[in-house]
S.K.: 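The structure under discussion is supplied below as structure tokens; questions concerning it will follow.
We count ligands from 1, going down the list as the structure has it; atoms in each ligand are counted the same way. Note that the structure is a prediction, hence the values are computed from the model and not measured.
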Amino acid sequence: MALMTASHDSSGAAPGPRPFLNRGLAGFGTTIFAEMSALAARTGSINLGQGFPDADGPAEVAEAAVRAIRDGRGNQYPPGPGVPELRTAIAAHQQRFYGLTYDPDTEVLVTAGATEAIAASLLALLEPGDEVIALEPYYDSYAACIAMAGATRVPVTLRPHEGAFHLDLDELRAAVTPRTRLLLLNTPHNPTGTVLAPAELAAIAELAVERDLLVITDEVYEHLVFEGAHTPLAGLPGMRERTVTISSSGKTFSFTGWKVGWITAPPSLVTAVRTAKQFLTYVSSGPFQYAIAEALALPDAYYTGFREELRAKRDILSDGLRAAGFEVFRPRGTYFITTDITPLGEKDGLDFCRSLPERCGVVAIPNAVFYDDRAAGRSLVRFAFCKQTAVLEEAADRLGRLAR
Ligand code: PMP
Ligand code: GLN
């Protein structure tokens, strides 16, 4: 048998040996986050690339996980939908923050992070040939999971205008065809920091109802909205019955390694997603599920304090990047800042990010990898600010040397 590890050759020229990687995943390679974190480790650079905090979440939540392990809670397979304590806490969270009522037994599903929630939802809900509309730039796993489902992604590009990225609702409407099965949204939006405004959400909801579309909405940064409040799409008229809402404890409680995520949706959608989920991981994160149940019940002061802390960090890094000569798109949410490197005399974000460690000891993410329309993202670079203040200040100082 002729074996080959190279990626799929679509040229159609010589028949050649069959590649290992299936056609759908050809070209996906290694995620940019892994590539850039490895670069940071190799060069000893400050890592403002991959979005993970450099300080763990609340000590009492970590203690709750230790207690669960010691008490023998979750050390064996937890129930497929998630432990009842966590499902109840997730439902209570939706009620407390948004006034949305979900039945913990039939309308909540715990997943291995938002990543599995995205994968299981897309694999469960799509047929080959279906079209999925996603906001571009899109989080990298969206494209891979749409491909694994055999469906087609249809990007609608967020465009920069007056210091922020905006959705063109006419473009969104025009992207819907008879083959469109679902809208895959993300607000607050990684990597641009855009938060869809209530009027935009209302227009999206109207469109979804009119064209009878399913909606998957990735709201993992729901507690990192710096201006205004987070509006869950599922709360809009006609949306509850067609919306899968995704969130994750990784972002809100700064325990990204625990991989406790979830969906809330009506029973028929939860059942569909659970069917796919049970053959991906079946279950995960047993003891951590109990700890996150306690975390979700933390008082409002935790949530407010977390947001205010990140707002201050956003301002430190935004100011530093601006002073260093970048064009800064000030994020209204998430813990990422998208910048344009053109004012620094640079054109290509990928080249820039690959050379940055050597030039000044900082790692960032080139936004181009989140675009089908690579030209639209070519000069854009993302920096994460979920890092300690002294680290952000040092990074800003180092980046300031670029122009000096
Ligand atoms: N969606 C978005 C928009 C994200 O930024 C991330 C991770 N940073 C995820 C999903 C994945 O979340 P998790 O780590 O819970 O799998
Ligand atoms: N979501 C994180 C980011 O955008 C990365 C998570 C991952 O590495 N898959 O940086």
S.K.: Any atoms of ligand 1 less than 4.0 Å from a non-hydrogen atom of I118? List them with their elements.
M.R.: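 Every atom of ligand 1 under 4.0 Å from some heavy atom of I118: 10 (C).
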S.K.: Please determine if R173 and D170 form a salt bridge, counting it only when a charged side-chain N lies under 4.0 Å from a carboxylate O.
M.R.: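 Looking at D170 together with R173, the answer is yes, because their closest N to O distance falls below 4.0 Å.
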S.K.: Have a look at H230 and tell me which of Y98, Y303, F97 forms a ring pair (Phe, Tyr, Trp, His ring centres under 6.0 Å) with it.
M.R.: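 Of the listed residues Y98, Y303, F97, the ring pair (Phe, Tyr, Trp, His ring centres under 6.0 Å) partner of H230 is Y98.
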S.K.: Quick one: does N190 get an N or O within less than 3.5 Å of an N or O on ligand 1?
M.R.: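 Yes, there is a polar N/O contact under 3.5 Å.
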S.K.: At the 4.0 Å heavy-atom cut-off, does Y221 count as touching ligand 1?
M.R.: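 Per 4.0 Å heavy-atom rule, Y221 contacts ligand 1.
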S.K.: So if I count the atoms of ligand 2 from 1 in the order they appear, which ones are less than 4.0 Å from some heavy atom of Y139?
M.R.: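 Taking each heavy atom of Y139 in turn, ligand 2 has 1 (N), 4 (O), 5 (C), 6 (C), 7 (C), 9 (N) under 4.0 Å.
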S.K.: What is the closest protein heavy atom to atom 11 (C) of ligand 1, and at what distance does it sit?
M.R.: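 Looking at atom 11 (C) of ligand 1, the protein heavy atom closest to it is T115 OG1, 3.3 Å.
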S.K.: Considering both backbone and side-chain atoms of Y142, is one of its nitrogen or oxygen atoms within less than 3.5 Å of a nitrogen or oxygen in ligand 1?
M.R.: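 Checking ligand 1 against Y142, no N or O pair falls under 3.5 Å apart.
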S.K.: Give the ring-plane orientation class for Y302 versus F253, where under 30° counts as parallel, over 60° as perpendicular and anything between as tilted.
M.R.: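 Ring orientation, 0 to 90° scale: parallel.
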S.K.: Between E107 and T264, do the side chains contain a donor N or O and an acceptor N or O under 3.5 Å apart?
M.R.: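 Absent: no donor and acceptor within the cut-off.
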S.K.: I'd like to know if R211 and E131 make a salt bridge, using a cut-off of under 4.0 Å between side-chain N and carboxylate O.
M.R.: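 Looking at R211 and E131, the cut-off is not met.
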S.K.: Would you say K251 touches ligand 1, if touching means a heavy atom closer than 4.0 Å?
M.R.: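 Judged by the 4.0 Å heavy-atom criterion, K251 does count as contacting ligand 1.
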S.K.: Closest non-hydrogen protein atom to atom 2 (C) of ligand 1, residue and atom name please, with distance?
M.R.: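 Sorting protein heavy atoms by distance from atom 2 (C) of ligand 1 puts D218 OD2, 3.4 Å first.
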S.K.: In this structure, does ligand 2 have an atom that sits under 4.0 Å from one of the heavy atoms of T31?
M.R.: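 Contact absent.
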S.K.: Looking at Y142, Y139, Y138, which hits side chain to side chain donor-acceptor pair (under 3.5 Å) with D218?
M.R.: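 The side chain to side chain donor-acceptor pair (under 3.5 Å) with D218 is passed solely by Y142 among Y142, Y139, Y138.
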S.K.: Show the numbers, then the answer: is there a side-chain contact (heavy atoms from CB on, under 4.5 Å) between W262 and I292?
M.R.: CA-CA 11 Å; W262 53 84; I292 295 302; 4.1 Å; yes
S.K.: Between I365 and ligand 2, find which residue part has any heavy-atom pair under 4.0 Å and reply side chain, backbone, both or neither.
M.R.: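 Under 4.0 Å from ligand 2, I365 contributes no heavy atoms.
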S.K.: Report the nearest protein non-hydrogen atom to atom 8 (O) of ligand 2: residue, atom name, distance rounded to 0.1 Å.
M.R.: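 Of every protein heavy atom, Q50 NE2, 2.6 Å lies nearest to atom 8 (O) of ligand 2.
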S.K.: Would R240 count as a cation-pi partner of Y102, with NZ or CZ less than 6.0 Å from the six-membered ring centre and within 45° of the ring normal?
M.R.: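 Pair R240/Y102 counts as cation-pi.
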S.K.: Any non-hydrogen atom of M36 lying under 4.0 Å from ligand 2?
M.R.: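 No, M36 has no heavy atoms under 4.0 Å from ligand 2.
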S.K.: A114 versus ligand 1: do any nitrogen or oxygen atoms come within less than 3.5 Å of each other?
M.R.: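 For ligand 1, there is an N or O atom that lies under 3.5 Å from one belonging to A114.
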S.K.: Any idea which protein heavy atom is nearest atom 15 (O) of ligand 1, and the distance to it?
M.R.: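 Heavy-atom neighbour on the protein nearest atom 15 (O) of ligand 1: S248 OG, 2.6 Å.
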S.K.: Give a yes/no verdict on a cation-pi contact between R382 and F336, requiring under 6.0 Å between NZ or CZ and the six-membered ring centre and an angle within 45° of the axis.
M.R.: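 Judged by the rule (NZ or CZ under 6.0 Å from the ring centre, within 45° of its axis), R382 counts as positioned above F336.
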S.K.: Answer yes when E394 and R398 have at least one side-chain N-carboxylate O distance shorter than 4.0 Å, and no when they do not.
M.R.: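 A salt bridge links E394 with R398.
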S.K.: Answer with side chain, backbone, both or neither: which part of F336 has a heavy atom less than 4.0 angstrom from an atom of ligand 2?
M.R.: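 Side chain only.
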S.K.: Number the atoms of ligand 1 from 1 as they appear, then name those within less than 4.0 Å of a heavy atom of K259, with their elements.
M.R.: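 Atoms satisfying the 4.0 Å criterion: 13 (P), 14 (O), 16 (O).
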S.K.: What are the atoms of ligand 1, with element, lying closer than 4.0 Å to any heavy atom of G113?
M.R.: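 Numbered from 1, ligand 1 contributes 15 (O), 16 (O).
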S.K.: Please report whether ligand 2 has a polar contact with F33, defined as an N or O pair separated by less than 3.5 Å (distance criterion only).
M.R.: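 No: no nitrogen or oxygen of F33 is under 3.5 Å from one in ligand 2.
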S.K.: Backbone or side chain, does any N or O of N186 fall under 3.5 Å from an N or O of ligand 1?
M.R.: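 There is no such contact.
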S.K.: Is the charged tip of K387 near the ring of F52: under 6.0 Å from the six-membered ring centre and within 45° of its axis?
M.R.: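 The answer is yes, since K387 meets both limits relative to F52.
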S.K.: So does E294 pair up with R73, basic N to acidic O under 4.0 Å?
M.R.: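 No, no charged N to carboxylate O under 4.0 Å.
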